Asks: 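The structure under discussion is supplied below as structure tokens; questions concerning it will follow.
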Amino acid sequence: MLRRLECLGASNLLGKATKTASLLCRRPMPVFSRVYRSYSTGLPPTENVECFISTHTDPFVNLAIEDHLFKTTDPEKYILYLWRNKPCVVVGRNQNPFKECNLQYMEENNIPLVRRRSGGGTVYHDMGNSIYTIFMPRTAFTRDANAELVARALHQLDIPAYINSRHDIAVDGFKVSGSAYKLTNQRAYHHGTMLIDTDVDKLRGALKVNKDRLVTKGVASVPSPVTNLRSYSYTIDHQQFCEAVIEEFLYTHNDNKPVEPTVFSKDDISHLPEGVIKSRDELTSWDWIYGQTPEFTHDFEMEMSWGTVTAFIRSRHGRVTEASLTSTVSEAQEVMVIAALEEALKGCKYSPQGIEDARAKIEQNIPGLINSSNRNLVTDLCHKLQLTL
Amino acid sequence: MGYQRHVTAVRAFFQILCLTRWKPSKKNNKRKGEPVKQTGSHSISFSSRITIMSLRTFTSRFVRAYTPARVAPFAFTRAIATKRYTKEHEWISVEDNVGTIGITDYAQKSLGDVVFVEIPSPGQAIARKEQLGAVESVKAASDIYSPVSGDIIEANETLDQEPSLINSSPEQDGWLAKVQLSDPSELESLLDESAYQAHCESSEDH
């Protein structure tokens with residue numbers, strides 16, 4: 001307690017920029033002497049653990065930093081990395097975002113979609129959700145060890161957390177943390193969320209999907225009832241959580257010897273290493289976010305004012321490979337344009353933009369097919385398709 | 001070859017078993033175990049014929065010159081495909097310079113139920129220890145590495161529909177990819193079956 005007050009006192013002298021960093025470590029630590037640059041060119045660490053904190057809130061940057069740490073740090077060490085993101089939805093490596101989250105709600109509320117590299121299910125992140133990542137040697141990997149470490153950290157904050165049968169951290173029967181894991185040749189990582197004070201309404205809105213007829217080969221999420229730690233503690237926040245986890249981590253893996261965390265500061269984005277920038281660029285690309293979607297089929301019906309259209313779409317790598325639109329209309333012009341739309345959809349992205357692209361394709365390749373007699377029908381149909389996808 | 005002898009011995013045993021039910025004919029007056037010289041003028045009784053048959057079958061075990069027609073010996077069949085293992089629990093079975101790669105039973109047990117498999121795209125080159133694909137299980141997402149260098153000629157698309165093949169048949173139907181080897185000498189640095197078993201026994205399971 002006294003240490004924390006010291007840190008607070010010292011931070012007033014060092015300025016606001018260092019406040020976050022100094023609250024999080026044992027001793028007040030000027031941020032600018034600890035920019036990423038010093039990580040790569042500084043003295044080789046003598047400890048067998050390392051701690052990193054990111055004050056960035058861009059989910060792509062944070063995931064890229066995690067990826068970079070995974071690839072460049074010593075596989076024999078235990079490494080802790082703490083971060084949090086502004087509102088976003090993160091799907092697992094092999095998941096189908098069309099099935100897992102409500103993309104329209106996310107579009108309306110400016111919530112980006114992110115695909116991470118580890119497996120597991122879909123989660124909603126925001127500033128009330130803290131994330132911890134622990135890197136360890138492959139031989140030391142177990143699902144429970146790190147979850148128990150974090151649960152013990154919560155015990156220090158007087159929160160009665162425990163590990164449930166699905167290896168999640170829970171309090172009072174509700175899940176407060178979800179985990180995902182990745183294994184490679186020499187090392188493994190376990191990252192998990194911690195719901196401290198998340199906007200549960202937005203969480204439900206973003207993750208609520210009802211597409212029973214979308215059949216996918218991707219990995220399915222297992223929904224669980226969740227709760228915020230805020231319900232069990234008035235004072236807990238990101239700083240407290242990070243401090244408690246660092247303390248428990250050092251106690252477990254470093255004989256309680258203190259280690260100064262390295263901070264990736266939000267104010268210092270130009271100093272991020274090249275590997276991080278490259279990884280971030282890959283994570284933001286359409287090919288990664290949507291193109292990695294496993295194959296799926298979706299069949300649905302659309303009730304329009306002029307008839308019913310039954311659609312069947314097969315998609316692979318985020319693009320339509322097969323489309324079939326059967327309608328109840330009988331007018332020649334209308335039947336022709338629906339058939340043209342069916343053909344034009346092939347190769348287009350499975351997204352509202354893709355529907356627009358298909359329409360543009362028809363207008364370009366067969367000018368005059370969409371004329372005054374069927375323009376309304378086409379507009380209606382495209383709009384409805386965009387809503388139902 | 002051992003299998004053939006086994007069958008022969010079993011057949012002989014049952015024939016002798018049948019023989020004991022028959023009383024030896026007084027005509028021949030021979031003792032069991034002595035070969036009977038057949039002469040055209042004598043008619044041989046049924047029981048004698050059985051004796052002759054069973055004796056021939058029995059002695060064929062010991063008379064190398066009299067060997068029934070046999071299929072290619074077991075050892076020869078096994079030599080066609082060479083199977084090697086890596087310390088990271090991948091296996092490769094090489095036939096005609098094409099290696100079929102997958103993960104071992106030990107690996108699938110530690111992974112848990114496989115829910116998704118990322119298979120490679122055929123037509124690309126792969127280097128030894130480069131990532132070939134990945135397996136996602138209820139436990140974790142794990143990368144799989146190629147034990148050899150070469151060109152990927154085929155990937156097991158059945159795993160798209162049935163990722164659980166990796167659990168049910170990891171070393172047969174759950175193969176991941178086939179690679180045309182560019183450097184067969186790489187196989188020599190891999191483990192053979194006994195070395196791999198020893199490696200598994202010494203590692204701890206997680």
Side-chain angles (χ1 to χ4, degrees), chain A residues 67 70-71 75 91-96 99 115-121 134-147 165-168 178-192 215-222 288 291-297 314 316-317, chain B residues 85-90 101 103-104 106-121 126-147 155-167 176 190 199-206:
Chain A
D67 201 35
F70 188 54
K71 290 189 176 125
V91 295
R93 173 70 178 89
N94 301 306
Q95 290 207 291
N96 188 328
K99 179 97 180 173
R115 183 186 291 271
R116 61 176 185 267
R117 295 191 198 274
S118 60
I134 299 177
F135 302 98
M136 70 212 96
R138 169 84 190 245
T139 45
F141 173 74
T142 63
R143 288 169 89 180
D144 282 342
N146 300 307
S165 56
R166 292 208 75 239
H167 311 278
D168 293 324
S179 294
Y181 317 86
K182 183 156 168 78
L183 305 173
T184 59
N185 227 339
Q186 290 189 303
R187 65 195 319 200
Y189 72 75
H190 167 182
H191 57 193
V215 178
T216 177
K217 289 180 192 151
V219 173
S221 295
V222 178
W288 173 260
Q292 290 289 318
T293 307
E295 195 173 334
F296 67 93
T297 57
R314 185 185 296 277
R316 198 163 187 229
H317 297 314
Chain B
Y85 301 83
T86 64
K87 285 194 178 154
E88 290 79 35
H89 308 289
E90 291 118 10
I101 300 169
I103 63 169
T104 63
Y106 182 94
Q108 72 82 10
K109 275 194 196 129
S110 59
L111 278 174
D113 291 336
V114 173
V115 293
F116 194 84
V117 184
E118 281 166 60
I119 53 174
S121 319
I126 188 118
R128 190 170 162 218
K129 298 212 175 175
E130 204 183 310
Q131 190 187 345
L132 185 62
V135 168
E136 184 173 343
S137 68
V138 289
K139 196 171 177 183
S142 314
D143 293 343
I144 300 180
Y145 302 89
S146 176
N156 190 357
E157 308 231 332
T158 332
L159 290 174
D160 266 346
Q161 314 285 344
E162 268 194 69
S164 55
L165 272 177
I166 296 221
N167 295 118
L176 188 66
L190 301 176
H199 171 69
C200 289
E201 274 151 32
S202 63
S203 336
E204 279 170 6
D205 197 8
H206 53 74

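A note on names: the letters A, B, ... follow the listed sequences, proteins ahead of strands, and every chain is numbered from 1. This one's a predicted model, so the numbers in the text were calculated from it and none came from an experiment. The analysis underlying the following values was restricted to heavy atoms, covering all of them including side chains, and did not include hydrogens, waters or symmetry mates.
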Asks: Under a 4.5 Å cut-off applied to non-hydrogen side-chain atoms, are Thr293(A) and Arg115(A) in contact?
Replies: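 Yes; the side chains approach each other to less than 4.5 Å.
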
Asks: Just verifying a value: how many Å separate Glu88(B) CD and Thr184(A) OG1, rounded to the nearest 0.5 Å?
Replies: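 If we round to the nearest 0.5 Å, Glu88(B):CD and Thr184(A):OG1 are 10.5 Å apart.
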
Asks: Describe, in one word, how the ring planes of Phe70(A) and Tyr189(A) are oriented to each other, choosing from parallel (under 30°), tilted (30 to 60°) and perpendicular (over 60°).
Replies: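 If you compare the ring of Phe70(A) with that of Tyr189(A), the planes turn out perpendicular.
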
Asks: What residues of residues 157-165 of chain B sit under 4.5 Å from chain A when only non-hydrogen atoms are counted?
Replies: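 Within residues 157-165 of chain B, the residues that come under 4.5 Å of chain A (heavy atoms only) are Asp160(B), Gln161(B).
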
Asks: Using non-hydrogen atoms only, which part of Ser118(A) is less than 4.5 Å away from chain B: side chain, backbone, both, or neither?
Replies: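 Just its backbone gets close to chain B.
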
Asks: Are the side chains of Tyr181(A) and His167(A) in contact, using a 4.5 Å heavy-atom criterion?
Replies: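 When only atoms from C-beta onward are counted, Tyr181(A) and His167(A) do touch, with a gap below 4.5 Å.
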
Asks: Using the test side chain to side chain donor-acceptor pair (under 3.5 Å), find all partners of Asp113(B) that sit at least two apart in sequence or belong to another chain.
Replies: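 For Asp113(B) there are no side chain to side chain donor-acceptor pair (under 3.5 Å) partners, ignoring immediate neighbours.
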
Asks: Can you confirm whether His190(A) sits close enough to Arg143(A) that some side-chain heavy atom of one is under 4.5 Å from a side-chain heavy atom of the other?
Replies: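 Counting from C-beta outward, His190(A) and Arg143(A) never come under 4.5 Å.
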
Asks: What part of Glu118(B) gets closer than 4.5 Å to chain A, counting heavy atoms only: side chain, backbone, both or neither?
Replies: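 Only the side chain of Glu118(B) comes within 4.5 Å of chain A.
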
Asks: Taking C-beta and beyond as the side chain, do Lys182(A) and Asp143(B) meet within less than 4.5 Å on heavy atoms?
Replies: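 Heavy-atom side-chain distance check passes, below 4.5 Å.
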
